Amino acid sequence: MMAEAGRDFIRDIVQADLDAKKHSVIVTRFPPEPNGYLHIGHAKSIGLNFGIAQEFGGRCNLRFDDTNPTKEEQEFIDSIQADVKWLGYDWGKNLFFASDYFEKLYEWAEGLIRAGLAYVDDQSQEEIRQARGSLTEPGKNSPFRDRSVEENLDLFRRMKAGEFPNGARVLRAKIDMASGNINLRDPVLYRILHAHHPRTGDKWSIYPSYDYAHGQSDAIEGVTHSICTLEFEDHRPLYDWLLDKLPVPSKPHQYEFARLNLTYTLLSKRVLTELVRGGHVAGWDDPRMPTIAGLRRRGVPPAAVREFIKRIGVAKANSVVDVGMLEFCIREVLNQAAQRRMAVLRPLKVVIENYPEGQVEEIEAVNHPEDPAAGTRRVTFGRELYIERDDFMENPSKKFFRLSPGNEVRLRYAYFITCREVVKNAEGEIVELRCTYDPATRGGNAPDGRKVKATMHWLSAAHAKRAEIRLYNPLFTNANPDAANFTADLNPRSLEILTDARVEPDVAAPNPAEAMQFERQGYFVRDKDSTAERPVFNRTIGLRDTFAKEVGKA
RNA sequence: UGGGGCGUCGCCAAGUGGUAAGGCAGUGGAUUUUGAUUCCACCAUGCGGAGGUUCGAAUCCUCCCGCCCCAGCCA
């Protein structure tokens, strides 16, 4: 049932390299910058990198790309590790930081200067930008491009010593200001940043750029296949140039794949950060967020995320995956794993008129219809019950075969009941149903073989526990939300809170099973906001609902 | 209009010259004490377009069209 380990162009390359004996062991790495929480897009990269390491008997390093202290925080370093672990991946002892290599990177930079391949540029940021040219025009050489090695070395050392303010100078690679590839127009290797780094503190006042740090870090770690997203394709010539000029211990190769996009979802770090900062969601782990923390709190099992990652594949074409694909994977995993319980989200009282007042009985219910090993439990039946408001229609449409006046239905595991009377309040709202039951149908089958078209869930009014249930809908109303103006596409009904729901008593206990299916409703998990007197449940995902679809058509 | 990529079913995605995998969605049906699950069937004479090469082309060639990325001292 679970898909086989996928095959894709990157795995094909890895296999070919192995066949050609280019490497004895495959080394990959997942290199997040600790400037935010991980989201499902990162899960694709994690699944690819750790997956390849597993499948080909290699290893995958977790390396933090912490080269910009102005954006990075310990909180993110911690959350990222927790999220990768939760997804089910293990980097073992291979936890690294680009900042571990600052000393070596600096040494190599001096080497570049000595070789006449790098220079200190005194131009302002604006001047550098102007001189870079445009997409169609070549750039101009910096007036400082031909400084002597001695002067460059002196200046670079003083940059390191903290003698100059932020932005005063940069170290640039001397490549080609006329290159059609703008990344090769003397890219910045080091910038002055008087900033506190979460790991190196105030030791450094210059920091390497991504382009300078990344490939060299890969080389130091012996990474064989450095896998990143498409936007770095243009950086590969620079990646290779540096590896070629520097005395690195190994020669990694960079490969690029298309990042994940999902319908009704935005995955840019900028948008996610604004969603949190702007109070549009309750935090990085808000169950509506596409973050790993959000999915976890929502009740999505890690196996479902892994399954999803396998199913969507890896390619170079930009694409937008239907979020329905993720939902399918969640249901697939949960259907097998989740124990069944009954919960009434929007209660409607039912009084069984011919059931003896004060009488109560215990009825056996199975915990999982396809897994006898999950066992059974007892639910209490009595004269006063709650059923789902949606399960009753006073004037039923032709396709509605749940409860309606005069109609007989089955209460799951219990009895057949027939609706005899609808009780309304002064406003005309239905407040109670008077029904009768057939004692001969105990357990849910009629001895005379008579059939019923609907089976409904229910709860004893006296025994059910009150609970808060949170229903989640897509954060955006637009299948392809506008990242530049995302607030316009925000779904005002992304969160619906039901405060008067009822659940079986045991699910309200402090330590219920991880995920549960509330029968005929969907999959739910207990939320961390729960208290002893008020348990809270998140709806992870609803069940497939072809009836709702039918109603929608009409 | 410089450079780098990408275009195969509504959505993902295999395919690498021998006559279009698979999954999701959808549709029809069977089973069902969850309108769930499960099961079965259907769902691209067609591979962005036009030419060409070939016995044979999604795969090779030419031209064209469309989309994405790059002008941070972000990653």
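The shown structure was predicted, so the numbers you read here are calculated from the model rather than taken from an experiment. Just so we're on the same page: letters track the sequence lines, and every chain starts at 1.
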For [N] and [M], measure between their [atom1] atoms and round to the nearest Å.
N	M	atom1	value
B/rC43	B/rU37	P	23 Å
B/rG72	B/rG26	P	46 Å
B/rU59	B/rG51	P	14 Å
B/rC9	B/rG5	P	23 Å
B/rG48	B/rC68	C1'	15 Å
B/rA44	B/rU32	C1'	34 Å
B/rG7	B/rG46	C1'	15 Å
B/rA21	B/rA58	P	13 Å

Checklist entry - Which word best sums up how the rings of A/Phe96 and A/Tyr101 line up, parallel for under 30°, tilted for 30 to 60°, or perpendicular for over 60°? => result tilted

Test the [X]-[Y] pair against the cation-pi criterion, namely NZ or CZ under 6.0 angstrom from the six-membered ring centroid and within 45° of the ring axis.
X	Y	result
A/Lys316	A/Phe257	no
A/Arg147	A/Tyr119	no
A/Arg410	A/Phe416	no

Checking base pairs now: Watson-Crick or wobble, both atom distances under 3.5 Å. What partners [N]?
N	result
B/rU37	none
B/rC6	B/rG66
B/rU16	none
B/rG46	none
B/rA21	none
B/rG56	none
B/rA71	none

Next on the checklist: If you assign A/Val320 and A/Gly324 each to the RNA chain B nucleotide with the nearest heavy atom, which residue ends up on the more 5' nucleotide?
Outcome noted: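 By nearest-heavy-atom nucleotide position, the 5'-most residue is A/Val320.
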
Item to check | Residue whose closest nucleotide on RNA chain B lies nearer the 5' end, A/Pro32 versus A/Leu543 | outcome: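 The 5'-side residue here is A/Leu543.
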
What's [X] touching, base or sugar-phosphate or nothing? Going by heavy atoms closer than 4.0 Å.
X	result
A/Asn68	sugar-phosphate
A/Thr263	nothing
A/Ser124	base
A/Lys399	base
A/Ile312	sugar-phosphate
A/Glu370	base
A/Ser319	sugar-phosphate
A/Tyr207	nothing
A/Asn166	nothing
A/Phe401	base
A/Arg340	base
A/Pro237	nothing
A/Gln517	base
A/Arg410	base

Using a distance-only criterion (donor-acceptor N/O pair, under 3.5 Å, no hydrogens), is the base of [N] paired with the side chain of [X]?
X	N	result
A/Asn181	B/rG4	no
A/Gln336	B/rU37	no
A/Arg402	B/rG35	yes
A/Arg544	B/rU37	no

Taking only N and O in the side chain of [X], is any of them less than 4.0 Å away from OP1 or OP2 of [N]?
X	N	answer
A/Lys549	B/rG26	yes
A/Arg270	B/rA75	no
A/Arg520	B/rG35	yes
A/Ser179	B/rG2	no
A/Thr455	B/rU32	no
A/Arg191	B/rC74	yes
A/Thr70	B/rC74	no

Checklist entry - Can you find a side-chain donor-acceptor pair between A/Asn480 and A/Tyr264 that sits under 3.5 Å? => result no

Next on the checklist: When you compare the side chains of A/Ser179 and A/Asn181, does any donor N or O come within less than 3.5 Å of an acceptor on the partner?
Outcome noted: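 A/Ser179 vs A/Asn181: no donor-acceptor pair found between side chains.
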
Checklist entry - About how many Å separate CD1 of A/Ile175 and CG of A/Asn183, when rounded to the nearest 0.5 Å? => result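 If we round to the nearest 0.5 Å, A/Asn183:CG and A/Ile175:CD1 are 9.5 Å apart.
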
Item to check | Rounded distance [0.5 Å steps], OG1 in A/Thr380 versus CD in A/Glu362 | outcome: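 Result: 4.0 Å between the selected atoms.
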
Item to check | Salt-bridge criterion met for A/Arg412 and A/Glu519 (N-O under 4.0 Å) | outcome: yes

Next on the checklist: Between A/Asp121 and A/Arg145 (salt bridge meaning N to carboxylate O under 4.0 Å), is one present in this structure?
Outcome noted: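 No salt bridge links A/Asp121 with A/Arg145.
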
Checklist entry - Of the nucleotides B/rA75, B/rC74, B/rG23, which has the atom closest to the A/Met325 side chain? => result B/rG23

Next on the checklist: Given B/rA71, B/rG5, B/rU34, identify the nucleotide with an atom nearest to the side chain of A/Ile182.
Outcome noted: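 Looking only at side-chain atoms, A/Ile182 lies closest to B/rA71.
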
Checklist entry - Within this structure, what is the CG-to-C1' distance between A/Leu238 and B/rC69, rounded to whole angstrom? => result 16 Å

Checklist entry - Does B/rG72 sit syn or anti, given that only angles within 90° of 0 count as syn? => result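 Chi for B/rG72 falls in the syn range.
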
Checklist entry - Ring-on-base stacking between A/Tyr210 and B/rA75, under 5.5 Å between centres and under 30° between planes: is it there? => result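 According to the criterion (under 5.5 Å, under 30°), no, A/Tyr210 does not stack.
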
